[in-house]
Amino acid sequence: MAIERSPRLSVVTPLFNCLDLTKAMVASLKATMPGWMSYEVILVDDGSTDGTRDWLATLAAPFRVILNERNLGFGASTNRGAAVAKGRILAFLNNDLLLTPGWLGPMVRALGGLGNNAGVVGNVQLNATTLEVDHTGIVVDLKGKPIHDRELPHALSRFFMPVRRVFAATGACMLIRADTWRSLGGFDEAYVNGCEDLDLCFRARQAGLTNVVALESRVLHHVSSSPGRKLKDEENSRRLFLRWRETLAKFGSRRWARLMFAWHLHEPRNYPEKLEAIWTASYLARLHGVPPQRAFFASLRKIDEELAHWQEMFSD
């Protein structure tokens, strides 16, 4: 009797309508999956009404299909797919991606290179319509809000440093070890189609793990094409800010420190203390990870302003 071996990789993709995009993503997945990788694909349909379920019925191995009885949302659907995954590595892929040749190898190597410290591995994503860089990681802006970093290092820099540490990466295309996923508890289903990926990355960091972006892995992304993707943005952001207030302030400190340092650089005598200037310079040079107090509290103040806005918005 032949022994059935578990695949090394489990691809998990939630679906909600957008059948044409799903077909294109699946075709690109089959075309770009390397021969050295054993894999399964778990497609979780979240109540589609556009013919998706009829099409899913035509698929055979390595595809597995889960049909939700009602619309559960991105986080719950992904959790449901991951719960039955057999692979040692989980790949979460949106159904509005177009995968390009060579996308997987750099991500797998990045995951392996981190050893026991591996958290989440993201990659470079290009807008499928404009081909402009849409994601090279997540950064925090001057208002304390997580936004996509769209700066891609020069090719020579990527040659010597193909993996960049980030505090978070988007869940549109993400790799994580299955045992790490289980230990972190998967996506928090209290979020509704937004911020689940950031919350997971924050929990990975809190557990002492390292999140990275594989800079030599690229995919095309039809950004925010899923129906209802933005309906709960304010509620999701508020939940994220309440839970990770100081974490967001810490990572938002870098932009504030850069802004303050540049302003005072024009007139060094205006800098309050020389020691603070030295601390800020070494922080910006990434010689240590503790932000200057002024930058941290400036970031925290902006976050609290956003929380006050949401408190008024949801007070009724």
Side-chain angles (χ1 to χ4, degrees), residues 11 13 18 21 24-25 27-29 31-34 74 91-111 113-114 119-176 193-198 200-202 204-205 210-226 229-230 233 236-237 240 248 251-252 254-256 258-259 262 284 286:
V11 175
T13 298
C18 300
L21 291 178
M25 188 281 287
S28 70
L29 176 65
T32 59
M33 187 61 67
F74 173 78
F92 300 128
L93 304 181
N94 279 13
N95 71 323
D96 56 359
L97 295 177
L98 287 172
L99 303 162
T100 63
W103 71 273
L104 182 59
M107 298 183 76
V108 172
R109 289 192 293 273
L111 191 70
L114 291 170
V120 165
V121 175
N123 67 351
V124 176
Q125 297 173 20
L126 308 181
N127 186 301
T129 302
T130 66
L131 299 184
E132 296 177 345
V133 176
D134 181 67
H135 172 272
T136 61
I138 303 293
V139 294
V140 177
D141 67 12
L142 292 173
K143 293 183 178 181
K145 293 185 175 181
I147 60 173
H148 284 200
D149 187 350
R150 294 183 170 90
E151 295 184 9
L152 183 65
H154 189 273
L156 183 62
S157 174
R158 299 199 305 271
F159 177 80
F160 289 104
M161 296 186 64
V163 174
R164 180 168 68 186
R165 291 193 177 196
V166 295
F167 84 92
T170 177
C173 185
M174 173 187 289
L175 252 62
I176 187 171
N193 300 331
C195 295
E196 301 96 335
D197 47 2
L198 301 180
L200 177 73
C201 289
F202 292 171
R205 288 188 58 89
T210 300
N211 303 320
V212 300
V213 163
L215 296 172
E216 294 305 311
S217 168
R218 298 190 183 190
V219 297
L220 305 180
H221 187 200
H222 294 281
V223 180
S224 297
S225 60
S226 299
R229 167 65 180 83
K230 297 289 186 178
D233 270 7
N236 291 329
S237 296
L240 189 78
L248 288 165
F251 288 104
R254 189 163 299 280
R255 290 199 171 198
W256 276 103
R258 189 180 298 120
L259 181 70
L284 292 174
R286 301 184 185 274

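Computed from heavy atoms alone, side chains included, the values below leave out hydrogens, waters and symmetry copies.
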Pairwise distance CZ(Arg254) to CG(Asp141) - rounded to 0.5 angstrom: 15.0 Å
From Thr210 OG1 over to Leu111 CG, what is the distance, rounded to the nearest 0.5 angstrom? 11.5 Å
Quick check: do Arg255 and Val140 have side-chain heavy atoms less than 4.5 Å from each other? no
Quick check: does any side chain N or O of Ser237 sit under 3.5 Å from a backbone N or O of Asp233, one acting as donor and the other as acceptor? yes
Nearest non-hydrogen partners of Val212 and Ala110, listed with the distance: CG2-CB, 4.2 Å
Audit row: Arg218, Leu152, side-chain contact (heavy atoms from CB on, under 4.5 Å) steps and yes/no: CA-CA 11 Å; Arg218 298 190 183 190; Leu152 183 65; 3.1 Å; yes
Check whether any side-chain N or O of Asp96 sits under 3.5 Å from a backbone N or O of Leu21 as a donor-acceptor pair, and report yes or no. no
So NE2 of His148 and NE2 of His221: to nearest 0.5 Å the spacing works out to 8.0 Å
May I ask you to decide if the ring planes of Phe251 and Phe167 are parallel, tilted or perpendicular, using 30° and 60° as cut-offs? parallel
Inter- and intrachain pairs under salt bridge (charged side-chain N to carboxylate O under 4.0 Å, His left out), touching residues 146-155, at least two apart: Asp134-Arg150, Asp149-Arg164
Please report the shortest heavy-atom distance between Val166 and Thr136, naming the atom on each side. CG1-O, 4.1 Å
Heavy-atom donor-acceptor pair, His135 side chain to Thr170 backbone, under 3.5 Å: yes
Kindly indicate whether the side chain of Val121, heavy atoms from C-beta on, has any atom under 4.5 Å from the side chain of Ile176. no
Closest approach of Gly122 to Ala169 (non-hydrogen atoms, all atoms of both residues): CA-CB, 4.0 Å
Only one of Leu29, Thr13, Val219 passes side chain to side chain contact (heavy atoms under 4.5 Å, CB included) with Leu97, and that residue is Val219
Gap between atom CG of Leu200 and atom CZ of Phe92 - 0.5 Å precision: 7.5 Å
Are any side-chain N or O atoms of Glu132 and backbone N or O atoms of Thr130, one a donor and one an acceptor, separated by less than 3.5 Å? no
Would a distance-only check, ignoring hydrogens and angles, find a side-chain to backbone donor-acceptor pair under 3.5 Å from Asn127 to Leu131? no
Under the criterion side-chain contact (heavy atoms from CB on, under 4.5 Å), I'd like the reasoning laid out for Glu216 against Val124: C-alpha separation, chi angles, the key distance, then a yes or no. CA-CA 7 Å; Glu216 294 305 311; Val124 176; over 6 Å; no
Side chains of Ile147 and Val139, heavy atoms from C-beta outward: is any pair under 4.5 Å? yes
Kindly determine whether Leu198 and Leu240 satisfy side-chain contact (heavy atoms from CB on, under 4.5 Å), including the steps that lead there. CA-CA 8 Å; Leu198 301 180; Leu240 189 78; 3.8 Å; yes
Within the distance-only criterion (no hydrogens, no angle test), does the side chain of Ser28 pair as donor or acceptor with the backbone N or O of Leu99 below 3.5 angstrom? yes
For Asn123, check side chain to side chain donor-acceptor pair (under 3.5 Å) against everything at least two apart and list the hits. Gln125, Ser217
Atom of Cys201, atom of Asn211 and distance for their closest heavy-atom approach: O-ND2, 3.1 Å
Distance col, row Asp197:CG vs Cys173:SG, nearest 0.5 angstrom, shows 12.0 Å
For side-chain contact (heavy atoms from CB on, under 4.5 Å), just list the numbers for Leu104 and Leu175, CA-CA rounded to whole Å, side-chain angles, deciding distance to a tenth of an Å, and then say yes or no. CA-CA 9 Å; Leu104 182 59; Leu175 252 62; 4.2 Å; yes
Pairwise distance CG(Asn94) to CE(Met25) - rounded to 0.5 angstrom: 8.5 Å
